[in-house]
Amino acid sequence: MKSDPTAIELLDLLRQSREYTQYFAELGVETIALSNDRVAPKVAREQSRTLPAPSAGRAFDAARHDIEIGSSYITNEGPFNSYIQSATSSFPFWRVGCASFQVHGTDGDVWRDIGDCTRCGLCEGRTQVVNTFGNHKARLMFVGEAPGADEDAQGKPFVGRAGQLLTKIIEAIGLKREDVLIGNVNRCRPPGNRQPTLEEAAICRPFLFREIAAVQPDVIVVMGNTALRNLLEVREGITRVRGKFQDFRGIKVMPTFHPAYLLRDPSKKRETWEDLKKVRDYLDRLSSGQD
């Protein structure tokens, strides 16, 4: 029996729709409004910065879980509506349409949507959810891996020994802890402080992406391999890419070592200092209008 070319084409379109759906979900987009107005794309660009298309073949299946981000509507009409319903059933927070989109709320909305999260197994062993903390109008944001024991107990990120070292690093570049925003890819402590699994990270990171979209910092410092790979999706390790500015949807990203790693290997502090000086200098150039 020969394959139906129309069916093959439709399945490919549905696959692409799933990829675009998850891509925008990770950006914090709540709705894609129906519009026949050719001016709509221009309006969208004025309301939010231009977003790059997702890379071909990017794997989204790990993030198919019911991340409760927004509404659950499908407004398309016509003979393919049932197919679209099926294709988007894994992402029940979309109003499917065309042309314009709207970023969902503020970083405060993210906390409300997370709530007392039970989306993955990490909820079973944690004491509390550890949300991103700090200045929600910050120009500089730090992103780590996941909370440790101290963070789990206090409900704030980076408050243990690694956090104390991070505070010193922040002060060394002329800022205070209250000037910046600090968070993690995962908000619940993994058992034994192990690295979050790919699935656990995929479930949690869309909330981080929404916070970034709401805050729009000038620079994000990703600390360690887990933060690096979840934010930038690169294969190289932190040792190879540290010290070189990367890009996350128009925002400068500086990869560097995690403070916990610096506690184990103090010889890496010099390299971390060089990385943070680049961040400081970049922020200074922005303030003076040179960039």
Taking the side chain as C-beta and beyond, is there a heavy-atom pair between [X] and [Y] under 4.5 Å?
X: Glu145; Y: Pro196; result: yes
X: Pro157; Y: Asn131; result: no
X: Phe257; Y: Lys269; result: no
X: Leu276; Y: Ile169; result: yes
X: Lys268; Y: Asp265; result: yes
X: Ile114; Y: Arg187; result: yes
X: Leu283; Y: Arg139; result: yes
X: Val253; Y: Val219; result: no

query: Are more than 12 heavy atoms from other residues, nucleotides or ligands located less than 6.0 Å from atom OH of Tyr282?
result: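 Yes, the 6.0 Å shell around OH holds more than 12 heavy atoms from other groups.
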Residue pair Arg210, Asp113: steps toward the salt bridge (charged side-chain N to carboxylate O under 4.0 Å, His left out) verdict: CA-CA 11 Å; Arg210 285 178 57 193; Asp113 289 344; 2.8 Å; yes
query: Would you say the side chains of Gln290 and Ser288 form a donor-acceptor pair under 3.5 Å?
result: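 Note: Gln290 and Ser288 side chains meet the donor-acceptor criterion.
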query: How far apart are the closest heavy atoms of Ala149 and Asn193, and which atoms are they?
result: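 So the minimum-distance heavy-atom pair works out to N-OD1, 3.9 Å.
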field: Minimum heavy-atom distance between Cys123 and Cys117, given as atom pair plus value
entry: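 Looking at all heavy atoms of both residues, the closest pair is CB-O, 3.4 Å.
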query: Among Thr272, Leu262, Val279, which one satisfies side chain to side chain contact (heavy atoms under 4.5 Å, CB included) with Thr256?
result: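 Of all the options given, the one that passes is Thr272.
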field: The single option from Val185, Ile251, Ile212, Thr226 passing side chain to side chain contact (heavy atoms under 4.5 Å, CB included) against Leu231
entry: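 Between Leu231 and the candidates, side chain to side chain contact (heavy atoms under 4.5 Å, CB included) is satisfied uniquely by Ile212.
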Any donor and acceptor pair, going by atom type alone, linking the side chain of [X] with main-chain N or O of [Y] inside 3.5 Å?
X: Asn186; Y: Pro147; answer: no
X: Gln216; Y: Ala213; answer: yes
X: Gln154; Y: Glu151; answer: no
X: Gln246; Y: Leu232; answer: no
X: Asp152; Y: Arg126; answer: no
X: Asn135; Y: Leu181; answer: no

Are [X] and [Y] connected in the hydrophobic side-chain network, where two residues link if heavy atoms are under 4.5 Å apart?
X: Met223; Y: Val215; value: yes
X: Ile182; Y: Val130; value: no
X: Leu228; Y: Phe142; value: yes
X: Leu140; Y: Leu208; value: yes
X: Leu166; Y: Val222; value: yes

Kindly compute the distance separating [atom1] ([X]) from [atom2] ([Y]), expressed to the nearest 0.5 Å.
X: Thr239; Y: Tyr261; atom1: OG1; atom2: OH; answer: 5.5 Å
X: Cys188; Y: Arg119; atom1: SG; atom2: CZ; answer: 10.0 Å
X: Asn184; Y: Arg189; atom1: CG; atom2: CZ; answer: 13.0 Å
X: Ile170; Y: Leu175; atom1: CD1; atom2: CG; answer: 7.5 Å
X: Met141; Y: Glu211; atom1: CE; atom2: CD; answer: 5.5 Å
X: Arg280; Y: Arg285; atom1: CZ; atom2: CZ; answer: 11.0 Å

- request: Identify, with sequence neighbours excluded, every residue that meets side-chain contact (heavy atoms from CB on, under 4.5 Å) alongside Arg235.
  value: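 Testing Arg235 for side-chain contact (heavy atoms from CB on, under 4.5 Å), a comparison that skips the adjacent residues, returns none.
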- prompt: Hey, are Arg229 and Glu236 close enough for a salt bridge, meaning a charged N less than 4.0 Å from a carboxylate O?
  reply: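 Between Glu236 and Arg229 there is no salt bridge, as every charged N stays at least 4.0 Å from the carboxylate O atoms.
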query: Pairs in or reaching into residues 157-182: which pass salt bridge (Lys or Arg N to Asp or Glu O under 4.0 Å), with residues at least two apart or in two chains?
result: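 Every candidate salt bridge (Lys or Arg N to Asp or Glu O under 4.0 Å) pair involving residues 157-182 fails, so no pair, neighbours aside, qualifies.
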query: salt bridge (charged side-chain N to carboxylate O under 4.0 Å, His left out) between Arg194 and Glu200: does it pass, once the steps are laid out?
result: CA-CA 12 Å; Arg194 64 162 171 77; Glu200 290 162 354; 2.8 Å; yes
- request: Describe, in one word, how the ring planes of Phe209 and Phe248 are oriented to each other, choosing from parallel (under 30°), tilted (30 to 60°) and perpendicular (over 60°).
  value: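 Phe209 and Phe248: tilted rings.
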task: Please confirm whether Lys278 makes a cation-pi placement over Phe245, using NZ or CZ under 6.0 Å from the six-membered ring centre and within 45° of the ring normal.
output: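 Judged by the rule (NZ or CZ under 6.0 Å from the ring centre, within 45° of its axis), Lys278 is not positioned above Phe245.
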- prompt: Partners of Phe158 by ring-ring contact (aromatic ring centres under 6.0 Å, His included), sequence neighbours excluded?
  reply: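 For Phe158 the ring-ring contact (aromatic ring centres under 6.0 Å, His included) partners, ignoring immediate neighbours, are His258.
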